[in-house]
Participant: 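This is the structure, below, for whatever I ask next.
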Amino acid sequence: MDKTIKIQVRRYLPEKQPDPFWQEYEVPLEPKWGVLDALIYIKDHLDGSLSYRWSCHMGVCGSCGMMVNGEPALTCATFLEEYQPGPIRIEPLANFKVLRDLIIDTDDFMGKLKSVKPWLITDEKRDITDGENRQTPAELKAFKQYTLCINCMLCYSACPVVGLNEDFVGPAAIALAQRYNYDNRDSGNAARHDTLLAHGGAFDCTLIGECSRACPKHVDPTGAIQRYKADGAMEYWKRLIWPKAATAPKNDGIVKQID
Amino acid sequence: MDTETAPTYKRFRPSAYHPSMALTWWMKKPSYLLYILRELTAVFVAAYAIILLLTVRALSQGGEAWDTWLATLQRPGMILFHGFILAFAVYHSLTWFTLAPTALVVRIKDKVLPASALIAVHVAAWVGCSAFIAWVLLSA
Ligand code: SF4
Ligand code: FES
């Protein structure tokens, strides 16, 4: 082994020890290794009990997010060399419950994504024979950026509001809501307002901007949230002045839409 | 996986820990600190609003009250405080204008106006308004 670098991992093995603890490993400092490669090396050669998530190893699946020296990062896209001489401190993503070692509980996040109804809501009846529901490049451009999210949850780790207020629906979920709100085939904005205008909705955001800085896919959730606040404020007044005007399509479930 | 609908899965999830955020979280990163400072500017802007209200009250109470109020305002401590308020108000305004492009997307034909242009328009309008008010006050 020529050059090496120290990796400190915050571990949690509830069946062995009730509290999390730090463990240090020394791994080869290979020029093209990401932090994830170091963890794989540890699991293969040093300590098979280490648990972490990963899948694609190319920055598209969004499952390898961890805190690297206190910053949320995709570990497959973060290189050991950048952290010389080390040590590198690796922790599970902040602001989440930790189940084991570097593995966080994603249930809450998944529930939040679902709460914004991220599917096409429309009363328009379409038949399979109608073919594709086509859009112009301009119509696609209106929301394309928000489709690039890989659900890596780095934005939730970066956001102090998420950490302080567990009801906050959070950056990626609001960006996802906007992905549908700005889709011309969708008319479910009113249904999403119910979640986004309520307690824990978009107005819980205090515009710190950390989510956009953390996002590896340049989704810009900060922008999505602020644009929603403008739309949501309009909706709020509309509902106050003329409640009947705000009606959602009756058909707001994807299952209902299929049958 | 939904642990509610798959209770057996709980067997492999003996427990979890939820680290809570330290009270000093905003000191951890420069960007957090700048954010807290930005929020803090509101206190100083509010303080200035109170000073303005007191000024109006002094005005309504007639000549003598007005003169005492003016003397209060001219104390070195008060002038220093105004300096603070000015600095925070400028920081408040600048951060506000630099954040404006996150909420505003201006399309001209099918081109989106770049953020820098939006900020420039806002700052120019701000400087213009301030200059106009200064002109009105100073030429009176
Ligand atoms: S918005 Fe960005 S940081 Fe947040 S989950 Fe999606 S890809 Fe990750
Ligand atoms: S392993 Fe898929 S994003 Fe890192």
Side-chain angles (χ1 to χ4, degrees), chain A residues 10 12-16 18-20 67 70-71 91-100 103-108 110-111 114 136-138 141-142 145 158-166 182 205-214 220-231 233, chain B residues 1-7 9-42 91-116 118-119 122:
Chain A
R10 197 170 83 197
Y12 176 58
L13 297 167
E15 68 280 11
K16 293 220 175 85
D19 296 317
M67 304 302 279
E71 297 285 338
E91 296 164 82
L93 278 181
N95 301 339
F96 287 95
K97 268 196 230 155
V98 183
L99 297 174
R100 163 179 291 272
I103 296 185
I104 52 144
D105 187 346
T106 59
D107 285 358
D108 185 54
M110 294 302 170
K114 206 169 144 192
T136 66
K141 211 171 147 197
Q145 186 179 15
C159 173
V161 180
V162 171
L164 294 166
N165 168 6
E166 57 180 33
Y182 291 140
C205 161
T206 56
L207 223 184
I208 306 173
E210 284 297 306
C211 52
S212 289
R213 279 189 277 272
D220 189 16
T222 309
I225 300 171
Q226 306 330 305
R227 288 178 72 190
Y228 176 78
K229 282 181 186 168
D231 302 342
Chain B
M1 180 183 275
D2 188 348
T3 46
E4 297 303 312
T5 52
Y9 196 68
K10 281 215 171 89
R11 194 147 59 93
F12 304 100
R13 276 187 182 183
S15 61
Y17 75 97
H18 198 169
S20 59
M21 256 163 83
L23 214 58
T24 51
W25 64 268
W26 49 275
M27 298 200 299
K28 270 212 201 134
K29 263 196 211 180
S31 55
Y32 287 173
L33 187 68
L34 285 177
Y35 156 75
I36 284 290
L37 277 179
R38 187 194 83 200
E39 298 294 283
L40 207 63
T41 58
Y91 183 61
H92 184 99
S93 314
L94 283 177
T95 50
W96 176 258
F97 293 138
T98 46
L99 288 172
T102 61
L104 265 182
V105 176
V106 181
R107 282 211 176 76
I108 297 172
K109 296 215 175 115
D110 45 339
K111 284 225 161 53
V112 175
L113 207 63
S116 52
L118 265 175
I119 296 173
H122 276 97

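Computation of the quantities below employed the complete heavy-atom set of this structure, encompassing side-chain atoms and omitting hydrogens, waters and symmetry-equivalent molecules.
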Participant: Heavy-atom pairs under 4.5 Å with chain B are the metric here; pick the option from Leu164(A), Thr222(A), Ile225(A), Asp19(A) that has the most.
Facilitator: Leu164(A)
Participant: Is chain B contacted by the side chain of Leu207(A), its backbone, both, or neither, given a heavy-atom distance below 4.5 Å?
Facilitator: both
Participant: Between Phe96(A) and chain B, which part of the residue has a heavy atom less than 4.5 Å away: side chain, backbone, both or neither?
Facilitator: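 The backbone, not the side chain.
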Participant: Going by the rule salt bridge (Lys or Arg N to Asp or Glu O under 4.0 Å), which residues pair with Arg10(A) if we only count those two or more places apart in sequence or in a different chain?
Facilitator: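 Arg10(A) satisfies salt bridge (Lys or Arg N to Asp or Glu O under 4.0 Å) with Glu91(A) only.
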Participant: What part of Ser212(A) lies closer than 4.5 angstrom to a heavy atom of chain B: side chain, backbone, both or neither?
Facilitator: neither
Participant: With a 4.5 angstrom heavy-atom cut-off, could you sort out which part of Asn95(A) is near chain B: side chain, backbone, both or neither?
Facilitator: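 Both backbone and side chain of Asn95(A) come within 4.5 Å of chain B.
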Participant: How long is the span from the CD1 atom in Ile208(A) to the CD1 atom in Ile36(B), to the nearest 0.5 Å?
Facilitator: 7.5 Å
Participant: Over all heavy atoms of both residues, which pair between Arg227(A) and Ala103(B) is shortest? Give the atoms and the distance, please.
Facilitator: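 So the two residues come closest at CG-O, 3.4 Å.
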Participant: Look up atom CE in Met21(B) and atom CG in Asn165(A), then write down how far apart they are to the nearest 0.5 Å.
Facilitator: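 Rounded to the nearest 0.5 Å, the CE-CG separation comes out at 10.5 Å.
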Participant: Rounded at 0.5 Å granularity, tell me how far OG1 in Thr102(B) sits from CG in Asp220(A).
Facilitator: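 Thr102(B) atom OG1 to Asp220(A) atom CG measures 7.5 Å (nearest 0.5 Å).
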Participant: Which bit of Pro92(A) is near chain B, if near means a heavy-atom gap under 4.5 Å: side chain, backbone, both or neither?
Facilitator: side chain
Participant: For the candidates Ala230(A), Pro20(A), Ala138(A), which exhibits the highest count of non-hydrogen atom pairs separated by less than 4.5 Å from chain B?
Facilitator: Pro20(A)
Participant: Within a 6.0 Å radius of atom CH2 on Trp25(B), are there more than 12 heavy atoms belonging to other residues, nucleotides or ligands?
Facilitator: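 Enclosed: over 12 neighbouring heavy atoms sit under 6.0 Å from CH2 of Trp25(B).
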Participant: Considering heavy atoms only, which positions within residues 28-35 of chain B lie below 4.5 Å of chain A?
Facilitator: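 So far as heavy atoms go, Lys29(B), Ser31(B), Tyr32(B), Tyr35(B) are the residues that approach chain A to under 4.5 Å.
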